[in-house]
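Worksheet: the structure to be examined is printed underneath.
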2 protein chains.
Amino acid sequence: MDAFQPPGRLVTLTDVARAAGVGESTVSRVLRNHGSYSKRAGERVAEAVARLGYVPNRLAGSLAGQGASAQLAGIVIPSLANVVFPDLLRGLTTALDAEGVQCVIGVSDYDPDREEALVAALLSWRPAALLLTGLEHNPGTIALARAGGVRVVEMIDTDGAGIDAVVGFSNRAVGAASARHLLARGYRRIAYLGHDLQVDLRAAKRLAGFESALAEAGLALHGREIRSGPSSPASGRAGLEALLARHPDLDAVYFSNDDMALGGYFACLSAGLAVPGRLALFGFNGLDIAAAMPQPLSTVRTPRLEIGRQAAACLSGEGPTTIDLGFELIEGATA
Amino acid sequence: MDAFQPPGRLVTLTDVARAAGVGESTVSRVLRNHGSYSKRAGERVAEAVARLGYVPNRLAGSLAGQGASAQLAGIVIPSLANVVFPDLLRGLTTALDAEGVQCVIGVSDYDPDREEALVAALLSWRPAALLLTGLEHNPGTIALARAGGVRVVEMIDTDGAGIDAVVGFSNRAVGAASARHLLARGYRRIAYLGHDLQVDLRAAKRLAGFESALAEAGLALHGREIRSGPSSPASGRAGLEALLARHPDLDAVYFSNDDMALGGYFACLSAGLAVPGRLALFGFNGLDIAAAMPQPLSTVRTPRLEIGRQAAACLSGEGPTTIDLGFELIEGATA
DNA sequence: AACCGGATTGGCAGCGCTGCCAAAAGTCGC
DNA sequence: GCGACTTTTGGCAGCGCTGCCAATCCGGTT
């Protein structure tokens with residue numbers, strides 16, 4: 001890889017063709033291993049590529065290629081602050097990298113307008129697929145996605161109608177299962193502690209499922225605390241303290257997720273409240289950390305990595321599909 | 001945005017020009033707000049764009065534009081499982097999105113060969129910049145980056161020589177400061193508990209700094225436990241138990257990061273060991289969760305978001321730069 | 001020796017856009 | 001109302017690659 005090119009101009013396929021003494025099309029065929037070429041041609045091209053340090057220009061390649069869609073996947077997630085989404089990304093990148101597909105990502109901060117802007121920006125790279133989070137989008141987002149002529153996969157949530165493919169689990173069902181678990185254990189004065197529901201629509205669906213299961217048992221929430229801002233252990237800790245001050249007779253708390261629940265657990269440790277004797281705690285997500293606690297957290301484990309993998313697998317498919325990957329209730333020792 | 005296009009063919013700039021009754025160059029000028037055009041032309045183009053639902057093709061745009069480098073940033077991080085990297089990404093995407101730069105990411109799994117392959121793949125999109133993690137790379141990776149004619153920013157670590165720009169902090173200094181803190185508090189029988197050092201070179205640098213500070217005080221590590229696999233609270237918990245079984249007389253443990261330390265703290269809670277009276281714990285990273293613990297963890301907070309932001313800011317710069325953003329030692333209550 | 005079918009090859013248009021240039025349309029002062 | 005400007009505009013080459021087509025090569029047949 002000697003650099004005898006005039007700096008400023010990168011090595012092109014034409015340069016390689018000249019160096020190898022073959023035509024451009026032959027170089028293209030060899031590089032993509034597509035069409036037939038002789039062994040000798042293959043060797044000469046490989047040698048020239050190595051010698052010149054050629055890196056193909058995929059912008060040009062995708063533009064020229066038919067369908068003109070790039071080996072790119074456009075991904076929009078609402079946040080990177082919650083472990084869920086990095087996990088999702090992990091599943092996605094692992095599966096996509098294996099197929100030589102690159103990931104272009106955007107973070108919407110739970111803002112549908114930003115999501116729409118990001119979708120437009122991502123579509124301008126003519127990705128082969130668009131991976132969104134959740135089922136609720138601006139009408140404009142949906143129109144863009146439809147018009148973009150790309151495969152659309154909506155991840156995490158299956159409670160509702162999708163644009164194209166949907167991979168996830170039912171958040172309502174998670175909420176209902178969590179409520180039934182608490183009810184079965186005899187808890188009756190149950191509060192909810194969560195972060196902003198306007199923003200996290202899937203947390204709102206879980207709560208709706210939770211409340212309707214309570215209602216089936218003739219009960220209602222015994223208090224609720226909604227903290228502004230993102231979920232975090234600190235927020236969960238402060239939230240539980242506020243909740244207990246208002247409703248000292250609570251016997252269980254359902255948290256919007258494990259981060260909040262962990263904060264609640266810390267609050268109990270600090271206040272010397274026995275868990276679950278005095279107060280039961282129930283989370284959501286099934287983080288690793290929840291399992292390492294002195295008392296493993298009672299929670300619901302979601303198949304985050306698997307959602308990413310399956311979503312990646314969906315790209316090659318066609319037509320509407322819904323894949324419900326379910327969830328696993330972990331009994332733990334806090335409820 | 002009515003869809004009277006023949007499906008299969010996306011709207012092009014030429015379509016917009018025809019619909020607006022102007023030339024292609026005028027459309028291009030209006031869309032990029034570059035060069036001069038009349039108010040009337042602007043309106044007609046805007047109307048046609050909205051009516052046709054035109055999404056520019058940036059593949060073509062970047063290919064045609066001079067310099068031919070795309071408004072893309074190629075990012076390679078070693079992992080998504082550790083909070084550090086999502087945080088870093090968060091800083092990056094926030095800053096880059098504001099400038100209309102999209103992020104293409106790759107995850108190397110701490111494997112230099114995968115990193116090299118990813119760099120090659122990313123360069124094929126002709127990004128404006130390449131953002132790597134750490135300073136240690138394959139020779140091939142460095143050659144590719146150099147030949148690619150892109151701005152290269154290496155993040156997180158400043159202990160060594162960079163290719164181009166470097167943004168981070170000194171991991172050695174973090175280790176040394178941590179050691180000095182423990183020494184100043186009177187701890188003398190100090191062990192190290194970490195995950196795989198072959199793989200996480202920055203953790204190895206912290207340990208080196210830690211040990212050299214111990215050596216200055218005439219001390220050496222009083223035991224060390226290296227867990228295979230990634231860092232996690234579960235691993236930290238099991239590791240601490242193993243460590244204590246071998247060295248029951250330990251008075252402090254330095255962990256490779258907060259995840260491990262949290263697991264260690266849980267182990268102490270479970271075993272009824274007083275922290276820090278019987279055993280002091282010291283972490284690294286300064287996670288939110290560490291601050292929400294009943295006893296805030298003693299640790300070092302790293303400027304992860306800020307590294308992302310500064311790295312993004314570096315892209316517009318030129319020439320070698322090193323930005324050391326330092327770190328903050330948090331006294332906490334566990335050491 | 002002429003012929004045939006398949007494997008291999010090179011030339012070239014064109015993907016959708018931008019940069020450049022020259023032409024056209026305004027603008028102003030006198 | 002006319003020249004000397006400035007602003008606005010459209011045409012077109014070309015970015016680096018791929019797909020298509022026709023040309024060439026090769027080995028075996030007749």
Side-chain angles (χ1 to χ4, degrees), chain A residues 5 8-45 48-49 52-72 123-128 148-149, chain B residues 5 8-45 48-49 52-72 123-128 148-149:
Chain A
Q5 322 300 325
R9 209 180 70 73
L10 268 53
V11 184
T12 71
L13 182 138
T14 311
D15 297 330
V16 174
R18 201 161 18 229
V22 299
E24 298 177 26
S25 343
T26 301
V27 178
S28 177
R29 276 185 288 257
V30 171
L31 290 175
R32 288 175 304 145
N33 194 28
H34 175 265
S36 69
Y37 56 89
S38 63
K39 200 181 159 201
R40 205 181 66 102
E43 284 162 0
R44 299 185 62 164
V45 168
V49 164
L52 300 179
Y54 171 66
V55 176
N57 184 336
R58 291 238 233 170
L59 296 175
S62 305
L63 183 62
Q66 62 190 8
S69 84
Q71 288 288 62
L72 282 176
L123 281 176
S124 72
W125 297 107
R126 296 295 183 264
Chain B
Q5 323 301 326
R9 209 179 70 74
L10 268 52
V11 184
T12 70
L13 181 140
T14 312
D15 298 330
V16 174
R18 201 162 18 232
V22 300
E24 298 176 28
S25 345
T26 301
V27 177
S28 177
R29 276 186 288 258
V30 172
L31 289 175
R32 289 175 302 144
N33 193 29
H34 176 265
S36 69
Y37 55 88
S38 64
K39 198 179 160 198
R40 204 181 68 104
E43 285 162 0
R44 297 184 65 165
V45 169
V49 164
L52 300 179
Y54 171 66
V55 176
N57 184 336
R58 292 237 232 168
L59 297 176
S62 304
L63 183 61
Q66 61 190 11
S69 84
Q71 288 288 64
L72 282 175
L123 281 176
S124 72
W125 296 107
R126 296 294 184 265

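Keep in mind it's a predicted model, so treat the numbers as computed, not measured. All chains are named by letter (A, B, ...) in the order of the sequence lines, taking the proteins before the strands, and each is independently numbered beginning at 1.
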Worksheet item: If you measure from CG on A:L72 to CZ on A:R126, what distance do you get to the nearest 0.5 Å?
Response: 12.0 Å
Fill in: Interatomic distance, A:R58 CZ vs D:dT18 P [rounded to whole Å]
10 Å
Response to the item:
Closest to the 5' end of DNA chain C, once B:A60 and B:R32 are matched to their nearest nucleotides, is B:A60
Fill in: Distance-minimising heavy-atom pair for A:A20 and A:A48
CB-CB, 3.8 Å
Practice prompt. Send over the distance from A:L31 CG to D:dG19 P, rounded to a whole Å.
Written response: 13 Å
Worksheet entry | Rounded distance (Å) that lies between atom P of C:dC15 and atom CG of B:D15 | 11 Å
Item to complete: To the nearest Å, give me how far apart CG (A:L59) and C1' (C:dG16) are.
Response: 12 Å
Worksheet item: Where do B:N57 and B:T12 land on the side-chain contact (heavy atoms from CB on, under 4.5 Å) test, with the steps shown first?
Response: CA-CA 8 Å; B:N57 184 336; B:T12 70; over 6 Å; no
Worksheet item: Which distance, rounded to the nearest 0.5 Å, do you find between the CD of B:E24 and the CZ of B:R18?
Response: 8.5 Å
Practice prompt. Please tell me if the side chains of B:V45 and B:V49 come closer than 4.5 Å, counting only heavy atoms from C-beta onward.
Written response: yes
Worksheet item: What's the spacing between B:L59 CG and B:W125 CH2 if we round to 0.5 Å?
Response: 6.5 Å
Practice prompt. Please tell me which of the listed nucleotides, D:dT18, C:dT18, C:dG16, lies nearest to the side chain of B:L63?
Written response: C:dG16
What does the list of N/O pairs under 3.5 Å between the protein and nucleotides 6-11 of chain C look like, with a distance for each?
| unit_1 | atom_1 | unit_2 | atom_2 | d |
| --- | --- | --- | --- | --- |
| C:dT9 | OP1 | A:S38 | OG | 2.6 |
| C:dT9 | OP2 | A:S38 | N | 2.8 |
| C:dT9 | OP2 | A:S38 | OG | 3.4 |
| C:dG10 | OP1 | A:G23 | N | 3.3 |
| C:dG10 | OP2 | A:G23 | N | 2.6 |
| C:dG10 | OP2 | A:T26 | OG1 | 2.6 |
| C:dG10 | N7 | A:S25 | OG | 3.3 |
| C:dG10 | N7 | A:R29 | NH2 | 3.2 |
| C:dG10 | O6 | A:R29 | NH1 | 3.4 |
| C:dG11 | N7 | A:S25 | OG | 3.3 |
| C:dG11 | O6 | A:S25 | OG | 2.7 |

Item to complete: Quick one: closest heavy-atom pair of A:A19 and A:L52, and the distance?
Response: CB-CD1, 3.8 Å
Protein N or O to nucleotides 25-27 of chain C N or O, pairs below 3.5 Å:
none

Item to complete: Please round to 10 degrees the angle between the axis of the first five pairs and the axis of the last five pairs in the helix from C:dA1-D:dT30 to C:dC30-D:dG1.
Response: 50°
Worksheet, complete the sentence: Rounded to whole Å, the CZ-P distance (B:R9 to C:dG14) equals 14 Å
Worksheet item: Tell me, do A:V27 and A:V22 make a side-chain contact under 4.5 Å, heavy atoms counted?
Response: yes
Discussion item. Could you tell me how far apart B:L13 (CG) and D:dC12 (C1') are, to the nearest whole angstrom?
Written reply: 14 Å
Fill in: Separation between CZ of A:R58 and OG of B:S62, rounded to the nearest 0.5 Å
14.5 Å
Fill in: Nucleotide D:dC15, atom P - distance to CG of A:N57 in whole Å
12 Å
Worksheet entry | Candidates C:dG19, C:dC17, C:dG14 - which lies nearest the side chain of B:Y54 | C:dC17
Worksheet entry | D:dT18 OP1/OP2 closer than 4.0 Å to side-chain N/O of A:S28 | yes
Worksheet item: Considering only heavy atoms from C-beta outward, does the side chain of B:T26 approach that of B:R44 to under 4.5 Å?
Response: no
Practice prompt. Measure the distance from CG on B:L123 to P on D:dG16 and round it to the nearest whole Å.
Written response: 16 Å
